[in-house]
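Numbers restart at 1 for each chain; the letters A, B, ... are given by sequence-line order, proteins then strands.
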Protein chains: 2
Amino acid sequence: MARQKRTPCPETDALGAKLGKTILRLRTADRLSLGDLSGMSGVAKSMISQIEKNETNPTLATLSRLSQALGTSVEAVLGANEEQTALVEHSQPQDIPVLHSEDGLCKLRIIGFIDTVQWVQWYDFTAEPNGILESSAHPNGSIENLSVLTGKLEVSVNNDVWQVKAGETLRYHADFDHSIRNIGDITAHATMVNILAASIRPQS
Amino acid sequence: MARQKRTPCPETDALGAKLGKTILRLRTADRLSLGDLSGMSGVAKSMISQIEKNETNPTLATLSRLSQALGTSVEAVLGANEEQTALVEHSQPQDIPVLHSEDGLCKLRIIGFIDTVQWVQWYDFTAEPNGILESSAHPNGSIENLSVLTGKLEVSVNNDVWQVKAGETLRYHADFDHSIRNIGDITAHATMVNILAASIRPQS
DNA sequence: CATGAATGTTCTATATATAGAACGATTGAA
DNA sequence: TTCAATCGTTCTATATATAGAACATTCATG
């Protein structure tokens with residue numbers, strides 16, 4: 001015997017509601033009728049109707065077929081946030097914060113600070129010869145990406161040391177104290193991109 | 001009467017397989033038994049077992065409850081790509097793909113291509129005077145960020161045109177056809193970062 | 001006004017996702 | 001050895017997700 005409880009858990013329900021709206025939005029944006037999308041995806045149009053109204057609890061398979069037909073992925077459809085912030089932003093130099101290393105030889109311009117996306121930030125990094133930038137550990141599981149445009153840098157994390165020169169990219173875990181030093185004899189220039197772990201996985 | 005065809009579509013099947021591995025990985029990483037996770041999530045342990053082996057086709061509701069119990073979101077669980085990435089990666093210049101514009105005057109070096117994180121990519125962009133780079137629309141809701149290091153560029157999206165010069169950053173929606181042109185008389189150099197819409201999501 | 005071809009909705013029958021129980025395998029302690 | 005506990009698997013019954021058909025509505029065009 002199997003007893004089954006109806007489980008309209010609020011979290012899940014909200015997820016389904018958002019999903020339905022997203023599907024509807026994508027479908028109408030492409031000017032597709034239920035029948036069209038049904039034909040393209042192989043999902044019954046009755047199903048699509050119910051999904052859009054959050055009257056059912058779709059299966060991974062149907063979600064996969066639907067998002068494929070809509071040209072996206074299941075993750076994207078589920079994660080899609082419809083805030084249609086149709087904004088364009090133009091930052092002037094004086095708006096961009098600049099950090100300096102303790103020795104005054106390195107400069108870190110924080111370019112990519114977007115309040116809507118906290119888990120990725122990027123910087124323009126320059127260092128005079130022998131300049132060293134010391135960073136304490138970033139939030140759990142962050143990954144730092146250093147792409148050197150000109151010059152030669154040395155990166156130390158924990159007890160490991162690597163060298164990176166112009167044209168190369170180094171990617172390393174930044175949830176330890178780490179430092180970057182200019183070991184060349186010219187000004188070094190690099191693009192640094194930090195990705196926070198929140199977007200990958202809440203740590204084990 | 002309802003005829004129903006079993007549809008083990010390869011795409012969907014692969015997604016399910018990946019999902020199963022991810023669930024298993026997260027569960028064991030937290031040292032949870034099937035029973036533990038079942039108790040925490042409210043999903044029958046038999047279901048979890050079948051999901052991990054991709055012998056069933058879970059519902060959005062169960063995925064939601066499971067990922068909640070594991071401390072993540074459905075998107076993250078589905079999007080989680082493959083195993084623990086190598087701790088460190090060092091890309092040489094020859095590993096980095098380079099795109100050229102049709103007129104041959106612009107160069108786009110794809111620096112930040114991480115297979116584990118599909119929602120952010122960045123590029124090193126250079127353009128000779130008058131060079132123009134035309135891009136077709138990116139996936140739904142992408143945002144493109146252009147930080148000019150040297151020179152002066154003009155960005156056209158839809159019918160809007162903006163100018164950006166050294167030190168400035170322009171941020172615009174890239175889900176339309178758009179183009180970037182060097183309107184200065186020296187080689188322009190910029191860092192371009194693209195963020196896909198899938199990532200616009202609060203909380204971790 | 002018809003009449004048809006679209007649209008989205010509700011109905012109905014079946015395949016299947018799911019919960020719970022029963023099972024077998026492993027471990028550890030008395 | 002026993003016994004008990006705990007693991008993952010497999011079985012079974014039911015709730016339900018799904019496909020397909022029937023239905024309802026709009027909107028053309030004659």
Side-chain angles (χ1 to χ4, degrees), chain A residues 1-9 11-13 15-17 19-70 74 77-78, chain B residues 1-9 11-13 15-17 19-70 74 77-78:
Chain A
M1 247 78 108
R3 274 301 86 79
Q4 190 145 340
K5 310 105 173 296
R6 196 67 241 90
T7 355
C9 138
E11 309 259 16
T12 298
D13 198 61
L15 184 60
L19 169 78
K21 288 181 187 167
T22 304
I23 297 282
L24 175 63
R25 180 167 57 82
L26 293 181
R27 178 173 68 83
T28 51
D30 289 354
R31 303 188 193 283
L32 296 172
S33 70
L34 287 179
D36 294 336
L37 184 55
S38 172
M40 294 166 56
S41 63
V43 176
K45 67 175 181 176
S46 56
M47 272 308 309
I48 304 177
S49 172
Q50 292 179 32
I51 290 173
E52 288 182 350
K53 296 190 290 177
N54 195 23
E55 291 177 354
T56 189
N57 185 2
T59 281
L60 180 59
T62 55
L63 287 185
S64 170
R65 285 184 290 173
L66 271 182
S67 30
Q68 238 178 280
L70 288 169
V74 182
V77 170
L78 287 172
Chain B
M1 242 82 106
R3 276 297 86 82
Q4 191 148 339
K5 309 102 174 296
R6 198 63 243 91
T7 355
C9 138
E11 310 260 14
T12 298
D13 198 61
L15 183 61
L19 169 76
K21 287 182 189 169
T22 304
I23 297 282
L24 175 62
R25 179 168 58 82
L26 294 181
R27 179 174 66 84
T28 52
D30 290 352
R31 303 186 195 283
L32 296 172
S33 70
L34 287 179
D36 293 337
L37 184 55
S38 172
M40 295 166 56
S41 63
V43 176
K45 67 176 183 175
S46 55
M47 273 307 310
I48 306 176
S49 170
Q50 291 178 33
I51 290 173
E52 288 181 351
K53 296 189 290 178
N54 195 22
E55 290 176 355
T56 191
N57 185 4
T59 282
L60 180 60
T62 54
L63 287 185
S64 169
R65 285 184 289 172
L66 271 182
S67 28
Q68 238 178 279
L70 288 169
V74 182
V77 170
L78 287 172

**Fill in**
Regarding the side chain of Thr56(B), the nearest nucleotide among dA17(C), dA22(C), dC11(D) is dA17(C)
**Prompt:** In terms of the nearest nucleotide of DNA chain C, which residue is placed more toward the 5' end: Ile51(B) or Thr28(A)?
**Reply:** Thr28(A)
**Asked** Rounded to the nearest Å, what distance is computed from the CG atom of residue Leu60(B) to the C1' atom of nucleotide dA17(C)?
**Response** 13 Å
**Asked** At under 4.0 Å between heavy atoms, what does Ser33(A) touch on the DNA or RNA strands: base, sugar-phosphate, or nothing?
**Response** sugar-phosphate
**Item:** Residue whose nearest DNA chain D nucleotide is more 5′ - Thr59(A) or Leu34(B)
**Value:** Leu34(B)
**Request:** Carefully, step by step, assess Val74(B) and Val74(A) under the rule side chain to side chain contact (heavy atoms under 4.5 Å, CB included).
**Result:** CA-CA 9 Å; Val74(B) 182; Val74(A) 182; over 6 Å; no
**Request:** May I ask you to verify if any side-chain N or O of Arg65(B) is less than 4.0 angstrom from the OP1 or OP2 atom of dA19(C)?
**Result:** yes
**Atom-pair distance (CG on Asn54(A); C1' on dA17(D)), nearest Å** = 14 Å
**Prompt:** Does any non-hydrogen side-chain atom of Val77(A) lie less than 4.5 Å from one of Leu66(A)?
**Reply:** no
**Request:** Would you classify Lys53(B) as touching base, sugar-phosphate or nothing, given that sugar-phosphate means primed atoms plus P, OP1 and OP2, and contacts are heavy atoms under 4.0 Å?
**Result:** sugar-phosphate
**Request:** Provide, to the nearest angstrom, the distance between the CE atom belonging to Met47(B) and the C1' atom belonging to dA17(D).
**Result:** 13 Å
**Message:** Checking contacts here: which listed nucleotide (dT10(D), dT18(C), dC11(C)) is nearest the side-chain heavy atoms of Ser49(B)?
**Reply:** dT10(D)
**Message:** For a quick check, tell me whether the side chain of Ser46(A) and the base of dA19(D) share a donor-acceptor pair closer than 3.5 Å.
**Reply:** yes
**Request:** Would you mind reading off the distance between Asn57(A) atom CG and dT18(C) atom C1', rounded to a whole angstrom?
**Result:** 11 Å
**Item:** Nucleotide dA5(C), atom C1' - distance to CG of Asp36(A) in whole Å
**Value:** 13 Å
**Asked** Do Leu19(B) and Leu15(B) come close enough that some side-chain heavy atom pair is under 4.5 Å?
**Response** no
**Asked** Given dG20(C), dC11(D), dA19(D), which nucleotide is nearest the side-chain atoms of Ala44(B)?
**Response** dG20(C)
**Item:** Between P of dT12(C) and NZ of Lys45(A), the distance in whole Å
**Value:** 18 Å
**Prompt:** Side chains of Leu34(A) and Arg27(A): closer than 4.5 Å at any heavy-atom pair?
**Reply:** yes
**Message:** What is the distance, to the nearest angstrom, from the CD atom on Glu52(B) to the P atom on dA17(C)?
**Reply:** 17 Å
**Request:** To the nearest Å, give me how far apart CG (Leu66(A)) and P (dA19(D)) are.
**Result:** 9 Å
**Item:** Beyond-backbone contact of Thr62(B) with Arg65(B), side-chain heavy atoms, under 4.5 angstrom
**Value:** yes
**Closest nucleotide among dT18(C), dC11(C), dC7(D) to the Gln50(A) side chain** = dC11(C)
